[in-house]
Colleague: 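What follows is a structure written as structure tokens; I'll ask about it next.
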2 protein chains.
Amino acid sequence: MAQRGRPRDAETDDRILRAALEQLLAYGYGGFVVDKVAEQAQVAKTTLYRRWPTKDHLVVAVIARMQDDVTVPDTGDVHADLIDYAEQIALGLNRMRRAGREGEADDASAGVVAELVAAAARHPDVGALVRTLFARRNELVLELIDRARRRGALRSDTDPGVLFDQLAGALYYRLLVTGQPIDRSYAERLVTGALRGVLPPRES
Amino acid sequence: MAQRGRPRDAETDDRILRAALEQLLAYGYGGFVVDKVAEQAQVAKTTLYRRWPTKDHLVVAVIARMQDDVTVPDTGDVHADLIDYAEQIALGLNRMRRAGREGEADDASAGVVAELVAAAARHPDVGALVRTLFARRNELVLELIDRARRRGALRSDTDPGVLFDQLAGALYYRLLVTGQPIDRSYAERLVTGALRGVLPPRES
């Protein structure tokens with residue numbers, strides 16, 4: 001009772017999340033142990049569990065922190081900005097794909113991201129957390145697209161949500177389902193293709 | 001040794017896979033029990049395990065069977081054909097999303113598909129199986145897109161793989177990550193947007 005209303009200790013959160021990210025990258029989802037994170041961050045287990053009650057909650061928090069590190073550029077060139085954004089997402093996904101599996105042969109595995117997706121499907125509260133997190137981050141890109149639409153750089157009837165799904169969706173689909181590589185060159189082909197469309201130029 | 005080379009019993013396979021699909025739809029991934037499938041299909045457990053050594057292998061086989069039921073139409077109208085295809089994928093994904101959870105409140109959960117994606121990430125052989133399965137099915141749509149390109153219905157520089165990723169990716173992304181609904185109306189907006197692109201018409 002006495003602790004209620006006390007401001008959260010941001011420095012402690014930060015130390016825990018940094019330790020958690022290190023553990024996640026080193027051991028992957030399967031080898032990620034919450035008690036080890038508490039040990040490395042030098043906090044009491046109870047402190048950690050009060051903030052994040054399960055391993056899944058802690059992993060979601062780590063992913064949220066990583067997402068906050070992704071910048072959404074707005075240079076006025078929506079084509080270039082979307083390529084930069086898509087490349088950053090690809091880098092983050094590749095980092096999580098390799099977590100705990102450095103040097104292993106199965107480079108097509110989706111790794112941590114797939115486990116997170118399954119945890120979100122299994123536990124309604126983790127699912128709600130993940131969806132809130134993505135909605136909040138994706139909103140920044142939807143706004144970028146809509147600003148480009150309003151200044152006439154994109155068609156006036158552009159649906160930002162559909163365009164966004166095409167871009168983020170393609171990257172996640174390759175990671176989670178087909179296992180195909182995602183890199184800068186793919187981000188360029190993807191964004192260019194999605195903006196330009198595939199209909200032949202009208203006869204003049 | 002005596003059994004080696006004996007033709008597989010297609011009728012038995014069929015009975016097992018039908019029972020497995022029923023169990024999966026009724027109980028979802030978590031409640032799916034291989035022994036129950038053997039019981040319902042009236043086959044010896046050893047018969048089933050010889051064909052599919054784990055629950056994950058059996059679930060992949062069920063999904064493969066469902067995918068084989070998806071037709072890839074080719075009416076000569078690539079726009080309409082892709083909408084029909086995307087709608088069928090959405091229907092299948094929604095069916096798997098609800099598996100074992102009829103009447104539950106958390107309709108945004110990705111359900112079985114998320115568990116399959118995680119199993120593919122966890123077990124290299126399941127991952128290879130899933131990727132082979134999707135590559136084989138997706139090839140039919142890549143060919144549909146390429147035929148449209150060759151007859152001039154799509155730009156000559158259309159990249160079928162990138163266009164396909166935009167469509168399938170958007171559907172899986174909504175299912176697995178944002179939990180947004182996927183239906184006929186979304187399939188229409190998605191395919192129309194991807195074909196047309198979002199660049200404004202050139203000034204004339």
Side-chain angles (χ1 to χ4, degrees), chain A residues 29-30 97 104-106 108-115 117-122 124 127-128 130-131 134-135 138 145 149 152-156 158-159 161-163 165-174 176-180 186 189-190 192-202 204, chain B residues 29-30 97 104-106 108-115 117-122 124 127-128 130-131 134-135 138 145 149 152-156 158-159 161-163 165-174 176-180 186 189-190 192-202 204:
Chain A
Y29 192 90
R97 163 187 266 172
E104 278 183 41
D106 182 29
S109 165
V112 171
V113 183
E115 297 287 359
V117 159
R122 219 174 292 139
V130 167
R131 288 190 289 275
F134 276 82
N138 295 352
I145 294 169
R149 183 188 67 77
L154 300 179
R155 292 176 63 111
S156 59
T158 297
D159 183 329
V162 171
L163 176 61
D165 290 344
Q166 288 170 48
L167 303 180
L171 297 170
Y172 277 81
Y173 185 73
R174 286 171 78 98
L176 293 171
V177 178
T178 63
Q180 291 171 288
Y186 180 73
R189 287 160 60 209
L190 173 63
T192 302
L195 293 189
R196 196 188 59 190
V198 291
L199 296 185
R202 292 272 184 89
S204 54
Chain B
Y29 191 91
R97 162 187 269 172
E104 276 182 42
D106 182 28
S109 165
V112 170
V113 183
E115 298 288 357
V117 158
R122 219 174 290 137
V130 167
R131 288 190 290 276
F134 275 83
N138 295 353
I145 294 170
R149 182 188 68 75
L154 299 179
R155 294 175 62 111
S156 59
T158 297
D159 182 330
V162 170
L163 176 61
D165 290 345
Q166 288 171 48
L167 303 180
L171 296 171
Y172 277 82
Y173 185 73
R174 286 171 79 98
L176 294 171
V177 178
T178 63
Q180 290 171 290
Y186 179 73
R189 286 159 60 208
L190 174 62
T192 302
L195 293 189
R196 196 187 58 193
V198 292
L199 296 185
R202 292 272 184 89
S204 54

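The chains referred to below are lettered A, B, ... by the order of the sequence lines, with proteins before strands, and numbering in each begins at 1.
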Colleague: If I compare all heavy atoms of Arg155(B) with all of Leu199(A), which pair ends up nearest, and what's the gap?
Modeller: CG-O, 3.0 Å
Colleague: For the atom pair CZ (Arg189(A)) and CG (Leu163(B)), what is the distance rounded to the nearest 0.5 Å?
Modeller: 12.0 Å
Colleague: I need the minimum non-hydrogen distance between Ala118(A) and Ala114(B), along with the two atoms involved.
Modeller: CB-O, 3.7 Å
Colleague: Heavy atoms only, distances under 4.5 angstrom: which of Ile145(B), Val113(B), Thr158(B) has the most pairs with chain A? Name it, please.
Modeller: Thr158(B)
Colleague: Parallel, tilted or perpendicular for Tyr173(A) and Tyr172(B), by the 30°/60° rule?
Modeller: tilted
Colleague: Taking all non-hydrogen atoms of both residues into account, name the closest pair between Gln180(B) and Asp165(A) and its distance.
Modeller: OE1-OD1, 4.3 Å
Colleague: Between Asp159(B), Leu171(B), Leu154(B), who has the most heavy-atom pairs with chain A when the cutoff is under 4.5 Å?
Modeller: Leu154(B)
Colleague: Identify the two heavy atoms, one from Arg131(A) and one from Val177(B), that lie closest to each other, and give their separation to 0.1 Å.
Modeller: CG-O, 3.4 Å
Colleague: Please state whether the side chain, the backbone, both or neither of Ala119(B) comes within less than 4.5 Å of a heavy atom of chain A.
Modeller: neither
Colleague: Rounded to the nearest 0.5 Å, what separation is found between the CZ atom of Arg196(B) and the CZ atom of Arg196(A)?
Modeller: 15.5 Å
Colleague: Looking at Val162(B) and Leu190(A), what are the two nearest heavy atoms and their distance?
Modeller: CG1-CA, 3.8 Å
Colleague: I need the residue from Ala168(B), Ala128(B), Ser156(B) with the largest number of non-hydrogen atom pairs under 4.5 Å to chain A.
Modeller: Ala168(B)
Colleague: What heavy-atom pair brings Asn138(A) and Thr178(B) nearest, and what distance separates the two atoms?
Modeller: ND2-CG2, 4.0 Å
Colleague: Heavy-atom distances under 4.5 Å only: say whether Ala194(B) touches chain A with side chain, backbone, both or neither.
Modeller: both
